[in-house]
A.B. asks: 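Here it is, the structure in full.
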Amino acid sequence: MRAHPQDTILDCLMEIKRDLDPTLAFRYSCGHGMCGSDAVMVNGTPTLLCTATVGRWAKSPDFPPSDGSGSRPGEFRSTAGLGSPQSARTHRTETKGAAAPSRGVIEVSPLQGFTVQRDLIADLDPMMDQIRKLHPYLDTDGAPETAAEDGTHAGEHLQSPAQLQRYELLSNCISCGLCEASCPVFAGGEAFIGPAALVSAARFINDSRDTGTEERLDAIDSEDGVAACQSVRACSRPCPRGIDVGEEIWQLISQVNGRRQQQP
Ligand code: SF4
Ligand code: FES
């Protein structure tokens with residue numbers, strides 16, 4: 001197959017599935033970086049298939065394969081992870097330039113840190129379970145704080161632009177798992193609740209309408225919570241929503257520590 005530099009890796013995989021290998025399994029939905037369902041490793045980096053372009057990721061023929069297997073240039077390699085019932089697959093691709101076509105290698109593998117279900121599909125349920133554990137919904141004690149006595153604003157929870165700004169970006173998290181895959185501590189188990197769950201907790205802790213801050217801080221003040229974070233901050237780089245994940249976790253750590261110091 002031939003690919004243009006502006007084609008996405010998702011485009012390539014769909015073409016491979018259509019024309020070369022109908023059994024190849026991968027996940028996607030929106031195709032526009034909005035749903036987070038197509039997170040994989042591209043050349044060893046956590047990335048969304050639908051926003052990663054061939055031009056950006058095709059390695060030059062001289063670039064050595066990351067696994068040292070000596071693969072040939074001009075190959076599109078989708079590598080199933082450990083435990084997958086499918087074996088590694090290789091498909092040839094060419095990056096077609098305007099004047100002189102050049103070949104490159106793109107290595108695609110399932111999102112690291114998660115159990116592989118098949119080919120490029122990783123089981124993200126552990127991450128979703130961790131997010132659910134921290135109650136990812138607004139807790140307002142059922143009483144609208146801003147309800148006026150005359151009932152003008154009854155049922156509304158008014159916020160200033162500054163209050164909205166404190167959590168608005170965090171509410172854009174699409175639970176893709178890229179931050180988890182880049183975290184050297186998170187391994188999909190119980191040892192660390194993971195950056196995605198902590199971002200979800202921060203989203204509600206920073207929301208002026210939420211009345212469950214103490215309970216939320218209690219929930220993350222544990223060995224598998226903020227205490228497990230090593231502040232490596234590798235989680236910030238791949239976030240497709242522009243969230244500085246490491247900084248948000250650092251802010252949570254500061255809140256937890258500040259609360260401890262105030263306790264008798
Ligand atoms: S914080 Fe960013 S990288 Fe992590 S799950 Fe949310 S959108 Fe994905
Ligand atoms: S398919 Fe939805 S984010 Fe890529």
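Start at 1 and go down the list; that is how both ligands and their atoms are numbered. Only heavy atoms go into these numbers, but all of them, side chains included; no hydrogens, no water, no symmetry mates.
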A.B. asks: Please list, in number order, the atoms of ligand 1 under 4.0 Å from a heavy atom of Arg241.
C.D. replies: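 Ligand 1 atoms under the 4.0 Å threshold to Arg241: 7 (S).
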A.B. asks: Only heavy atoms count here, so choose which of Leu124, Ile174, Leu198 is nearest to atom 7 (S) of ligand 1.
C.D. replies: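 That would be Ile174.
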A.B. asks: State, without any angle test, whether Gln159 and Asp207 hold a side-chain donor-acceptor pair at a distance under 3.5 Å.
C.D. replies: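 Distance-only check passes for Gln159 and Asp207.
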A.B. asks: Side chains of Ser254 and Asn257: donor-acceptor distance under 3.5 Å anywhere?
C.D. replies: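 Per modelled atom types, Ser254 and Asn257 side chains form no pair under 3.5 Å.
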A.B. asks: Considering only heavy atoms of Ser29, which atoms of ligand 2 have at least one such atom less than 4.0 Å away?
C.D. replies: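 Selected atoms, number and element: 1 (S).
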A.B. asks: Run the numbers for me: atoms of ligand 2, each under 4.0 Å from some heavy atom of Met34, listed by number.
C.D. replies: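 The atoms of ligand 2 under 4.0 Å from a heavy atom of Met34 are 3 (S).
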A.B. asks: At less than 4.0 angstrom from any non-hydrogen atom of Val245, what atoms of ligand 1 do you find?
C.D. replies: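 That gives atoms 1 (S) of ligand 1.
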A.B. asks: For Gly177, state whether at least one heavy atom is located under 4.0 Å from any atom of ligand 1.
C.D. replies: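 Under 4.0 Å: yes for Gly177.
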A.B. asks: Can you tell me which portion of Cys235 lies within the under-4.0 Å heavy-atom range of ligand 1? Options are side chain, backbone, both, or neither.
C.D. replies: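 Looking at Cys235 and ligand 1, no heavy atom falls under 4.0 Å.
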A.B. asks: How far is atom 3 (S) of ligand 2 from the closest protein heavy atom, and which atom is that?
C.D. replies: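 Going by distance alone, atom 3 (S) of ligand 2 is nearest to Gly36 N, 3.1 Å.
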A.B. asks: Regarding Ser236 and Asp244, is there a side-chain donor-to-acceptor distance under 3.5 Å anywhere?
C.D. replies: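 Yes, because at least one side-chain N or O of Ser236 sits under 3.5 Å from a partner of the opposite role on Asp244.
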A.B. asks: Please round to the nearest 0.5 Å and tell me the distance separating atom CZ of Arg241 and atom CG of Asn172.
C.D. replies: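 The CZ atom of Arg241 sits 5.0 Å away from the CG atom of Asn172.
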A.B. asks: Does the Ser37 side chain pair with the main chain of Arg27, one donor and one acceptor, at a distance under 3.5 Å?
C.D. replies: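 Judged by distance alone, no pair lies under 3.5 Å.
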A.B. asks: Just wondering, is there an N, O or S atom on Cys50 that's nearer than 2.8 Å to atom 2 (Fe) of ligand 2?
C.D. replies: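 Short answer: no, not a single N, O or S atom is under the cut-off.
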A.B. asks: If you measure from OG1 on Thr53 to CG on Leu10, what distance do you get to the nearest 0.5 Å?
C.D. replies: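 So the gap between those two atoms works out to 12.5 Å.
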A.B. asks: Regarding Thr23 and Asp21, do their side chains bring together a donor and an acceptor under 3.5 Å, going by distance alone?
C.D. replies: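 Per modelled atom types, Thr23 and Asp21 side chains form a pair under 3.5 Å.
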A.B. asks: Would one find an N, O or S atom of Cys179, in either backbone or side chain, under 2.8 Å from atom 4 (Fe) of ligand 1?
C.D. replies: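 So Cys179 does bind atom 4 (Fe) of ligand 1 by this criterion.
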A.B. asks: Does Pro240 have a heavy atom less than 4.0 Å from any atom of ligand 1?
C.D. replies: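 Judged by the 4.0 Å heavy-atom criterion, Pro240 does count as contacting ligand 1.
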A.B. asks: With the threshold set at 4.0 Å, does a side-chain nitrogen-carboxylate oxygen contact exist between Arg203 and Glu248?
C.D. replies: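 Judged by the 4.0 Å cut-off on N to carboxylate O distance, Arg203 and Glu248 do not form a salt bridge.
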A.B. asks: Ligand 2 versus Cys35, non-hydrogen atoms closer than 4.0 Å: side chain, backbone, both, neither?
C.D. replies: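 Both backbone and side chain of Cys35 come within 4.0 Å of ligand 2.
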A.B. asks: Could you find the nearest protein heavy atom to atom 8 (Fe) of ligand 1 and give me its residue, atom name and distance?
C.D. replies: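 Going atom by atom, the protein heavy atom closest to atom 8 (Fe) of ligand 1 ends up being Cys176 SG, 2.3 Å.
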A.B. asks: Please verify whether a non-hydrogen atom of Pro238 lies at under 4.0 Å from ligand 1.
C.D. replies: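 So Pro238 does not count as touching ligand 1.
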A.B. asks: Around atom 6 (Fe) of ligand 1, find the nearest protein heavy atom and jot down its residue, atom name and distance.
C.D. replies: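 For atom 6 (Fe) of ligand 1, the nearest protein heavy atom is Cys173 SG, 2.3 Å.
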A.B. asks: Identify the protein heavy atom lying closest to atom 1 (S) of ligand 2, giving its residue, its atom name and the separation to 0.1 Å.
C.D. replies: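 That would be Gly31 N, 3.1 Å.
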A.B. asks: Assign the ring pair Phe192 / Phe186 to parallel, tilted or perpendicular, where the plane angle (0 to 90°) is split at 30° and 60°.
C.D. replies: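 Ring orientation, 0 to 90° scale: perpendicular.
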A.B. asks: Can you sort out which atoms of ligand 2 are near Cys30, meaning under 4.0 Å from one of its heavy atoms?
C.D. replies: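 In order of numbering, the contacting atoms are 1 (S), 2 (Fe), 3 (S).
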A.B. asks: Could you tell me whether a side-chain N or O of Arg132 sits under 3.5 Å from a main-chain N or O of Met127, the two making a donor and an acceptor?
C.D. replies: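 No: the side chain of Arg132 does not pair with the backbone of Met127.
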A.B. asks: Under 3.5 Å, is there a donor-acceptor pair between the side chain of Arg260 and the main chain of Gln255?
C.D. replies: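 Side chain of Arg260 to backbone of Gln255: no pair is present.
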A.B. asks: Between Cys239 and atom 2 (Fe) of ligand 1, is there a contact where an N/O/S atom of the residue lies under 2.8 Å from the metal?
C.D. replies: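 Looking at Cys239, which is the residue asked about, there is an N, O or S atom under 2.8 Å from atom 2 (Fe) of ligand 1.
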